[in-house]
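Below: the structure, in structure tokens.
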Amino acid sequence: ATRLLPSLPLRRLAEEGLCLVGYSDLTAVLNALAAAGGGPQIHGPMVAAGLTRGDNARGLLGLLRDGPFERPLFRFGDGSVLRHGRAEGRALGGNLSLLIALLGTPWEPDFAGSVLFLEEVGEPLYRLDRMLTHLRASARLQEVKALIGGSLRGCGPASERAERWRRLLLETAPEGAPVVVGLPFGHSAVNRPFPIGATVELDTRGGRVAWR
């Protein structure tokens, strides 16, 4: 997907109101379109990947048909909260590998003031460590308002994966920024949609992420 970016007329597509729905490799295009001034892009299941699993289609259709403000994007319990707090900011993110591939390019997202969503698939734990260490060392995340972790599928042994991911996200988030983990988006069986480029609110005490 990153190979497409130099050939895409992003500003024209944004002005025309193009809205894409997808995830994984499409992370690069969704964030680039939002950065070009377009409306919210939907990180969510695709016809070719995940739409027919469980309630994924119902969740996506509900968001597109009923509008963003009818219900929270995500609900979660205290077990998902690594650091409490409330934050509001522009939703960015998706697949970690694709975001790392955008660093230093003209399509790199502006992370300042964002609520950052991260998920991954098929990467060993040491690579997750390397990518998050790179992101943190780059100083790109100093003004991130909150960090939200999604699914990890095929990322190292299940016995280590959850605890290691939690620790890495806490290390990566700026001091004081709320951190939540285990929300159902990305390459998991349940892939709930969320808007890239729209303002969202994370409230850990209320256990929800909502579109503002």
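As the structure is a prediction and not an experimental result, all values here were calculated from the model.
- Remark: Arg164 engages Asp129 in a salt bridge, criterion side-chain N to carboxylate O under 4.0 Å.
- Rounding to the nearest 0.5 Å places CG of Leu128 at 7.5 Å from OG of Ser97.
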(request) Mind running side chain to side chain contact (heavy atoms under 4.5 Å, CB included) on Leu10 and Trp107 for me, showing each step along the way? (result) CA-CA 10 Å; Leu10 291 169; Trp107 307 281; 3.6 Å; yes

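- How far CG of Asn191 is from CG of Leu60: 9.0 Å, rounded to the nearest 0.5 Å.
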(message) Checking Leu141 against Leu135 for the side chain to side chain contact (heavy atoms under 4.5 Å, CB included) test, could you report, in this order, the C-alpha distance in whole Å, the side-chain angles of both residues, the deciding distance, and whether it holds?
(response) CA-CA 7 Å; Leu141 305 187; Leu135 199 53; 3.7 Å; yes

(request) Begin from the C-alpha positions of Val144 and Thr172 and carry the test side chain to side chain contact (heavy atoms under 4.5 Å, CB included) through to its verdict. (result) CA-CA 10 Å; Val144 163; Thr172 302; over 6 Å; no

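- In this structure, the separation between CD1 on Ile100 and CD on Glu120 is 9.5 Å, given to the nearest 0.5 Å.
- The main-chain N or O of Arg58 is never found under 3.5 Å from a side-chain atom of Asp55 such that the two would form a donor-acceptor pair.
- Between Val209 and Pro72, every side-chain heavy-atom pair lies at or beyond the 4.5 Å cut-off.
- Judged by distance alone, the side chain of Asn56 and the main-chain N or O of Val190 form no donor-acceptor pair under 3.5 Å.
- Scanning all heavy atoms of the two residues, the minimum distance from Ala28 to Leu98 falls at CB-CD1, 4.0 Å.
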Please set out all donor-acceptor pairs under 3.5 angstrom arising from side-chain atoms of residues 192-202, sequence neighbours excluded.
unit_1	atom_1	unit_2	atom_2	d
Glu201	OE1	Arg208	NH2	3.2
Glu201	OE2	Arg86	NE	2.6
Glu201	OE2	Arg86	NH2	2.4

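- Of all heavy-atom pairs spanning Ala177 and Lys145, the tightest one is CB-O, 3.5 Å.
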With a 3.5 Å cut-off and sequence neighbours excluded, list the donor-acceptor pairs that the side chains of residues 31-49 form with protein atoms.
unit_1	atom_1	unit_2	atom_2	d
Asn31	OD1	Gly93	N	3.2
Asn31	ND2	Thr27	O	2.8
Asn31	ND2	Gly93	O	3.0
Gln41	OE1	Leu20	N	2.8
Gln41	NE2	Leu18	O	3.0
Gln41	NE2	Gly39	O	2.9

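- In this structure, Val181 and Trp165 approach most closely via the heavy-atom pair CG2-CD1, 3.5 Å.
- Proximity of a side-chain donor or acceptor of Asn95 to a complementary backbone N or O of Asp25 within less than 3.5 Å is not detected.
- In this structure, the side chain of Ser188 does not engage the main chain of Pro184 through any donor-acceptor pair within 3.5 Å.
- Within the 4.5 Å cutoff, the side chain of Leu118 has no heavy atoms near those of the Phe185 side chain.
- At a threshold of 4.5 Å between non-hydrogen side-chain atoms, the residues Val115 and Leu92 do not count as touching.
- Looking at Ser151, its side chain does come within 3.5 Å of a backbone N or O of His187 through a donor-acceptor pair.
- When side chains are defined from C-beta on, Leu116 does not count as touching Ile148, because their heavy atoms never get closer than 4.5 Å.
- Heavy-atom minimum distance, Leu125 versus Cys155: CD2-O, 3.4 Å.
- In this structure, Tyr23 is not a member of the same hydrophobic cluster as Leu183, with clusters built from ILVMFWY side-chain heavy atoms closer than 4.5 Å.
- Both Leu170 and Leu152 belong to a single network of hydrophobic side chains, linked directly or stepwise wherever heavy atoms of I, L, V, M, F, W or Y lie under 4.5 Å apart.
- Linking Ile, Leu, Val, Met, Phe, Trp and Tyr whenever their side-chain heavy atoms come within less than 4.5 Å puts Leu73 and Leu51 in one cluster.
- For the pair Arg140 (side chain) and Ser138 (backbone), a donor-acceptor distance under 3.5 Å is present.
- In this structure the side chain of His134 never reaches within 4.5 angstrom of the side chain of Met131, judged on heavy atoms.
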(request) Quick one: do Arg12 and Glu16 satisfy salt bridge (Lys or Arg N to Asp or Glu O under 4.0 Å)? Show the steps, please. (result) CA-CA 6 Å; Arg12 180 168 63 80; Glu16 292 176 356; 3.2 Å; yes

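- Leu61 and Val21 are members of different hydrophobic clusters when ILVMFWY side chains are connected at heavy-atom separations under 4.5 Å.
- Within a 6.0 Å sphere centred on CD of Glu171, heavy atoms belonging to other residues, nucleotides or ligands number more than 12.
- Minimum interatomic distance between Ala189 and Arg53 (heavy atoms only, all atoms of both residues): CB-NH2, 3.5 Å.
- To the nearest 0.5 Å, atoms CZ (Arg83) and CZ (Arg166) are separated by 13.0 Å.
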(request) Step by step, work out the side chain to side chain contact (heavy atoms under 4.5 Å, CB included) result for Phe76 and Val81. (result) CA-CA 8 Å; Phe76 54 88; Val81 180; 3.7 Å; yes

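- Rounding to the nearest 0.5 Å places OG of Ser24 at 6.5 Å from CD of Glu119.
- Atom CZ in Arg136 sits 8.0 Å away from atom CG in Leu168 (nearest 0.5 Å).
- Residues Thr2 and Ala101 approach most closely at CG2-CB, 4.3 Å, considering heavy atoms.
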